[in-house]
Amino acid sequence: QVQLVESGGGLVQAGGSLRLSCAASGRISSTHAVGWFRQAPGKERDFVAAMSWSGGSTRYGDSVKGRFTISRDNAKNTVSLQMNNLKPEDTAVYYCAVSTGLRYRFYEIDYWGQGTQVTVSS
């Protein structure tokens with residue numbers, strides 16, 4: 001089992017920045033990847049960013065490339081998502097996710113966090 005706890009959501013104006021964190025615990029290994037998905041009201045849960053737990057590979061969704069950065073703190077077993085130049089369309093609940101290997105579809109994810117709300121005002 002893997003446990004994930006997100007933090008760092010909130011309300012920000014367009015153009016601003018937020019940093020989300022995900023604390024991971026349990027049976028997580030180098031075969032896993034950790035990342036972020038987001039879900040806006042009435043929409044599917046979409047891929048945002050992910051990285052292999054070993055740190056060798058990172059991937060980003062097209063809508064966030066160049067604005068969001070995923071990173072990992074090995075000592076704290078946390079994964080962060082730095083979000084810059086936020087837009088109103090980034091408004092969603094953001095979920096931390098763990099999968100076996102890099103995965104980009106919500107149904108391929110093995111573990112989810114509880115989610116944290118990000119709201120970007122125009």
Side-chain angles (χ1 to χ4, degrees):
Q1 283 285 68
V2 174
Q3 294 78 41
L4 304 169
V5 178
E6 302 104 332
S7 61
L11 172 65
V12 65
Q13 287 188 332
S17 298
L18 278 176
R19 187 177 181 87
L20 306 182
S21 292
C22 173
S25 61
R27 298 174 65 88
I28 191 164
S29 72
S30 59
T31 62
H32 285 118
V34 61
W36 296 88
F37 282 68
R38 66 187 182 186
Q39 188 167 21
K43 296 189 176 181
E44 276 195 354
R45 195 169 293 189
D46 290 333
F47 172 74
V48 175
M51 67 185 303
S52 56
W53 191 245
S54 64
S57 300
T58 57
R59 297 289 188 274
Y60 295 93
D62 289 341
S63 62
V64 306
K65 283 179 182 176
R67 300 187 298 124
F68 291 12
T69 303
I70 188 170
S71 61
R72 182 188 163 200
D73 184 329
N74 292 352
K76 297 181 179 179
N77 261 16
T78 59
V79 175
S80 296
L81 184 69
Q82 178 66 41
M83 306 185 293
N84 297 329
N85 190 21
L86 282 159
K87 304 175 181 180
E89 51 263 44
D90 294 318
T91 295
V93 177
Y94 283 69
Y95 295 90
C96 185
V98 166
S99 57
T100 303
L102 286 166
R103 297 286 184 263
Y104 313 111
R105 300 285 186 261
F106 68 88
Y107 48 81
E108 297 175 313
I109 299 302
D110 298 316
Y111 302 99
W112 294 101
Q114 81 283 1
T116 186
Q117 177 70 46
V118 171
T119 303
V120 185
S121 63
S122 57

Open item on the list: Please report the interatomic distance CZ(Arg103) to CZ(Arg59), rounded to the nearest 0.5 Å.
Closed with: 12.0 Å
Task: Interatomic spacing from CD in Glu89 to OG in Ser122 - rounded to 0.5 Å - done: 10.0 Å
Task: Closest contact, heavy atoms only, Ser71 versus Met51 - done: C-SD, 3.8 Å
Task: Worked check of side chain to side chain contact (heavy atoms under 4.5 Å, CB included) between Phe68 and Leu18 - done: CA-CA 10 Å; Phe68 291 12; Leu18 278 176; over 6 Å; no
TODO: May I ask whether Val48 and Val93 are part of the same hydrophobic cluster, defined by side-chain heavy atoms of I, L, V, M, F, W, Y residues being less than 4.5 angstrom apart, directly or through others?
DONE: no
Task: Point-to-point distance, once rounded to the nearest 0.5 Å, from CG of Asp73 to OG1 of Thr78 - done: 4.5 Å
Task: Side-chain (Glu6) to main-chain (Gly115) donor-acceptor, under 3.5 angstrom - done: yes
Open item on the list: Is there a path of hydrophobic side-chain contacts, each under 4.5 Å between heavy atoms of I/L/V/M/F/W/Y residues, joining Val120 to Tyr60?
Closed with: yes
Task: Smallest separation among heavy atoms of Ser57 and Leu102, with atom names - done: CB-CD1, 3.8 Å
Task: In one Ile/Leu/Val/Met/Phe/Trp/Tyr side-chain cluster, 4.5 Å: Val118, Phe47 - done: no
Open item on the list: With a 4.5 Å cut-off on side-chain heavy-atom distances among I, L, V, M, F, W and Y, is there a chain of contacts connecting Trp53 to Ile70?
Closed with: yes
Open item on the list: Which heavy atom of Ala97 sits nearest to which heavy atom of Ile109, and what is that distance?
Closed with: CB-CG2, 3.6 Å
Open item on the list: Using side chain to side chain donor-acceptor pair (under 3.5 Å), reason through Thr100 and Asp110 one step at a time and then give a plain yes or no.
Closed with: CA-CA 7 Å; Thr100 303; Asp110 298 316; 3.0 Å; yes
Open item on the list: Just checking Phe106 against Trp112, ring centres under 6.0 Å apart?
Closed with: no
- [ ] Measure the OG-CZ distance between Ser54 and Arg72 for me, rounded to the nearest 0.5 Å.
- [x] 8.0 Å
Open item on the list: Any non-hydrogen side-chain atom of Gln117 less than 4.5 Å from a side-chain atom of Thr91?
Closed with: yes
TODO: For Asn85 and Arg67, work out which heavy atoms get closest and say how close.
DONE: O-NH1, 3.0 Å
Task: Spacing of Tyr104 atom OH and Asp46 atom CG [to the nearest 0.5 Å] - done: 15.0 Å
Task: Nearest heavy-atom neighbours spanning Trp36 and Cys22 - done: CZ2-CB, 3.6 Å
TODO: Return yes when atom CZ of Arg105 has more than 12 non-hydrogen atoms of other residues, nucleotides or ligands closer than 6.0 Å, and no otherwise.
DONE: no
Open item on the list: Applying a strict under-4.5 Å side-chain criterion to I, L, V, M, F, W and Y, I'd like to know whether Ile28 and Leu20 cluster together.
Closed with: yes
Task: Under 3.5 Å: donor-acceptor pair, side chain of Ser21, backbone of Ser7 - done: no
TODO: Check the surroundings of atom CD in Gln13: do more than 12 heavy atoms from other residues, nucleotides or ligands lie under 6.0 Å from it?
DONE: no
- [ ] Using the ring of Tyr95 (Phe, Tyr or Trp, six-membered ring only), decide whether Arg45 places NZ or CZ under 6.0 Å from its centre and within 45 degrees of its axis.
- [x] yes
TODO: Take Glu108 and Ser99 through the test side chain to side chain contact (heavy atoms under 4.5 Å, CB included) and record every step on the way to the result.
DONE: CA-CA 7 Å; Glu108 297 175 313; Ser99 57; 5.9 Å; no
Open item on the list: Run the side chain to side chain contact (heavy atoms under 4.5 Å, CB included) test on Ser17 and Val12 for me, step by step, so that the C-alpha distance in whole Å, both residues' side-chain angles and the decisive distance to 0.1 Å come before the verdict.
Closed with: CA-CA 7 Å; Ser17 298; Val12 65; over 6 Å; no
- [ ] Determine, for Asp90 against Lys87, whether the closest basic-nitrogen to carboxylate-oxygen distance falls under 4.0 angstrom.
- [x] no
